[in-house]
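Following: one structure in structure tokens, then a few remarks.
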Amino acid sequence: METLILGKLKIEKTDDSIQVYGLKDFNLIHIFECGQCFRWKKTLDDGYIGIASGKMATVYFDHDILTMKNTTIEEFVNFWFYYFDLGRDYTQIKDELSKKDLHLQRAVEFGSGIRILKQDFFETLISFIISANNNIPRIKKSVELIAMNYGEMIDLDNFTFPNSLKLKGIPCEELSLLSRAGFRCRYIEHTSNKYFNEQTDIKLLSTTSLEDARKILKEFTGVGDKVADCVLLFSGCRQDVFPTDVWVKRVMEELYFGRTASLKEINEFAKVHFGELSGFAQQYLFYYAREHRIGL
DNA sequence: ACCCAGGATCTAC
DNA sequence: GTAGATCATGGG
């Protein structure tokens with residue numbers, strides 16, 4: 001296949017890559033540095049390389065053209081289009097959020113090219129278990145170590161993230177030595193075994209009530225409200241969640257409350273104020289808050 | 001030496 | 001049901 005029209009997008013094949021024309025609301029830095037993913041790395045030539053659901057690709061975005069190496073038009077249509085959430089109209093989402101208040105308008109403008117990735121469920125679950133009481137560089141290191149030690153090698157420095165079949169049965173002592181994830185390794189061990197045995201019904205998570213979805217996820221050790229909401233949002237299950245970490249808490253207190261507020265308060269505010277778009281609002285606010293170091 | 005980091009868990013009230 | 005200590009690890 002040499003060329004393809006997909007809605008407003010035109011996809012063309014070149015020698016060793018594909019190019020996508022007609023993309024809006026798309027910025028690689030916003031997408032990969034907004035805290036939703038841990039495995040995309042900058043390349044020397046201003047692109048990003050990453051592995052998602054076992055597929056590796058290098059991406060560039062220049063002059064409104066997305067260039068992807070190491071993939072095909074078929075794979076783009078069948079996977080990357082979905083992964084980058086390209087079927088969603090972010091212009092409308094941003095318009096709707098910008099109308100709500102001035103803070104959100106600024107945050108949306110600042111992260112105008114954010115797209116919420118539809119990441120592999122098990123990888124997202126493990127990654128955000130590791131995120132508990134941790135910092136982003138160390139989360140990235142532990143996730144990468146798990147891939148290096150238990151995933152499949154694509155080339156000398158790129159590995160897939162292992163599925164639960166690969167990770168089940170690994171004792172937490174070994175996980176601790178090979179991932180440096182500390183006390184969270186006990187959670188990883190339990191979660192890998194439980195997920196392998198039960199194969200969580202992901203479709204159910206997206207169709208049932210938010211309350212029930214959280215309840216299901218919180219049966220994995222190491223998963224509380226915040227991690228559950230992150231997994232639901234960043235694996236593409238649902239967008240009506242408002243993961244409230246220390247950054248989001250701080251930015252909400254500073255911009256919306258003008259005082260300290262409890263997690264429960266913030267969640268209820270988000271539900272009323274942001275509604276079904278809570279997840280998108282959270283991502284714009286998180287990126288804005290962290291890049292501006294609000295609250296520090 | 002002390003504090004902190006995309007929190008969750010366990011215990012005590 | 002909820003405040004408080006505890007949980008590895010590495011960097012400032």
Side-chain angles (χ1 to χ4, degrees), chain A residues 30-40 107 111 114 116-117 119 121 123-146 148-149 170-195 211 213-235 237 239 241-255 260-268 270 278-296:
Chain A
H30 296 172
I31 292 169
F32 295 134
E33 309 294 343
C34 74
Q36 61 179 322
C37 57
F38 301 106
R39 299 206 62 212
W40 287 86
I114 287 177
I116 298 186
L117 301 172
Q119 302 180 75
F121 184 86
E123 175 178 341
T124 308
L125 180 57
I126 299 296
S127 298
F128 280 93
I129 283 174
I130 293 171
S131 79
N133 192 250
N134 211 339
N135 58 55
I136 291 180
R138 284 197 67 245
I139 299 166
K140 288 181 178 175
K141 182 189 274 186
S142 288
V143 173
E144 198 59 34
L145 281 169
I146 289 176
M148 286 177 58
N149 284 297
I170 310 282
C172 61
E173 294 82 6
E174 180 185 318
L175 284 170
S176 182
L177 287 171
L178 297 184
S179 75
R180 314 305 294 157
F183 65 90
R184 308 163 192 87
C185 292
R186 190 169 66 82
Y187 306 155
I188 298 174
E189 180 184 4
H190 169 265
T191 294
S192 298
N193 293 336
K194 179 176 165 64
Y195 184 78
E211 186 188 2
R214 277 182 183 151
K215 195 178 299 177
I216 292 169
L217 283 178
K218 283 162 71 175
E219 287 177 15
F220 292 103
T221 316
V223 179
D225 284 322
K226 190 270 174 183
V227 169
D229 286 355
C230 280
V231 173
L232 290 170
L233 181 58
F234 300 134
S235 69
C237 277
Q239 291 75 40
V241 292
F242 197 75
T244 309
D245 58 41
V246 291
W247 288 101
V248 174
K249 185 171 187 295
R250 278 199 292 256
V251 73
M252 292 301 287
E253 288 172 343
E254 187 141 330
L255 301 184
T260 58
S262 69
L263 293 175
K264 190 176 177 184
E265 256 182 315
I266 292 172
N267 239 273
E268 287 169 356
S278 287
F280 301 100
Q282 189 271 2
Q283 232 12 55
Y284 292 118
L285 287 168
F286 173 82
Y287 184 57
Y288 182 80
R290 207 163 72 87
E291 295 296 314
H292 290 86
R293 309 195 70 73
I294 285 182
L296 294 183

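By convention in this document, chain letters (A, B, ...) are assigned in the order of the sequence lines, proteins followed by strands, and residues within each chain are numbered from 1. For the numbers below, each heavy atom of this structure counts, side chains included, while hydrogens, waters and symmetry mates do not.
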To the nearest angstrom, how far is [X] atom [atom1] from [N] atom [atom2]?
X         : N       : atom1 : atom2 : value
Lys249(A) : dA8(B)  : NZ    : P     : 14 Å
Phe183(A) : dG10(C) : CZ    : C1'   : 13 Å
Arg138(A) : dC7(C)  : CZ    : C1'   : 12 Å
Leu177(A) : dG10(C) : CG    : C1'   : 16 Å
Leu217(A) : dA8(B)  : CG    : P     : 12 Å
Ile188(A) : dC7(C)  : CD1   : P     : 18 Å
Leu145(A) : dT9(C)  : CG    : C1'   : 12 Å
Arg186(A) : dT9(C)  : CZ    : C1'   : 17 Å

Nearest-Å distance once atom P is located in both dA8(C) and dT11(B): 15 Å

If I pick the P atom on dA8(B) and the same atom on dG11(C), what distance separates them, to the nearest angstrom? 24 Å

Arg138(A) (side chain) donor-acceptor with Asn135(A) (main chain) under 3.5 angstrom: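 No.
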
Give [X] one of three labels, base, sugar-phosphate or nothing, depending on what nucleic acid heavy atoms sit under 4.0 Å from its own.
X         : result
Gln36(A)  : base
Arg184(A) : base
Tyr287(A) : nothing
Ser176(A) : sugar-phosphate
Arg180(A) : sugar-phosphate

Less than 3.5 Å between a donor and an acceptor, one on the side chain of Asn134(A) and one on the base of dA8(C), is that the case here?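 Checked by distance alone, the answer is no.
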
Which of these, Leu175(A), Ile170(A), Thr221(A), sits in a side chain to side chain contact (heavy atoms under 4.5 Å, CB included) with Glu189(A)?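 In the set Leu175(A), Ile170(A), Thr221(A), the residue that makes a side chain to side chain contact (heavy atoms under 4.5 Å, CB included) with Glu189(A) is Leu175(A).
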
Nucleotide nearest Lys141(A) when distance is taken to its side chain, options dA5(B), dG7(B), dG11(C): dG11(C)

Closest nucleotide among dT9(B), dA8(C), dG10(C) to the Asn135(A) side chain: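 Looking only at side-chain atoms, Asn135(A) lies closest to dG10(C).
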
Carboxylate-amine/guanidinium proximity below 4.0 Å for Glu253(A) and Lys249(A): yes

More than 12 heavy atoms of other groups within 6.0 Å of Lys141(A) NZ: no

For Tyr288(A) and His292(A), take the angle between the two ring planes, folded into 0 to 90°, and tell me which bin it lands in: parallel under 30, tilted 30 to 60, perpendicular over 60. tilted

May I ask you to decide if the ring planes of Phe220(A) and His190(A) are parallel, tilted or perpendicular, using 30° and 60° as cut-offs? perpendicular

Do [X] and [Y] come within less than 4.5 Å of each other through their side chains, counting heavy atoms only?
X         : Y         : value
Asp225(A) : Lys218(A) : yes
Phe242(A) : Asp229(A) : no
Phe121(A) : Phe234(A) : no
Ile188(A) : Ser192(A) : yes

Short side-chain N/O contact from Arg290(A) to OP1 or OP2 of dA5(B), under 4.0 Å: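 Checking Arg290(A) against dA5(B): no side-chain N or O falls below 4.0 Å of OP1 or OP2.
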
Let's see if you get this right: which residues in residues 221-229 of chain A place a heavy atom under 4.0 Å from DNA chain B?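 When residues 221-229 of chain A is checked for heavy atoms under 4.0 Å from DNA chain B, the hits, listed by number, are Thr221(A), Gly222(A), Val223(A), Gly224(A), Asp225(A), Lys226(A), Val227(A).
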
What residues from residues 125-132 of chain A pass a heavy-atom cutoff of under 4.0 Å to DNA chain B?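 Residues of residues 125-132 of chain A that come under 4.0 Å of DNA chain B are, in numerical order, Phe128(A), Ser131(A), Ala132(A).
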
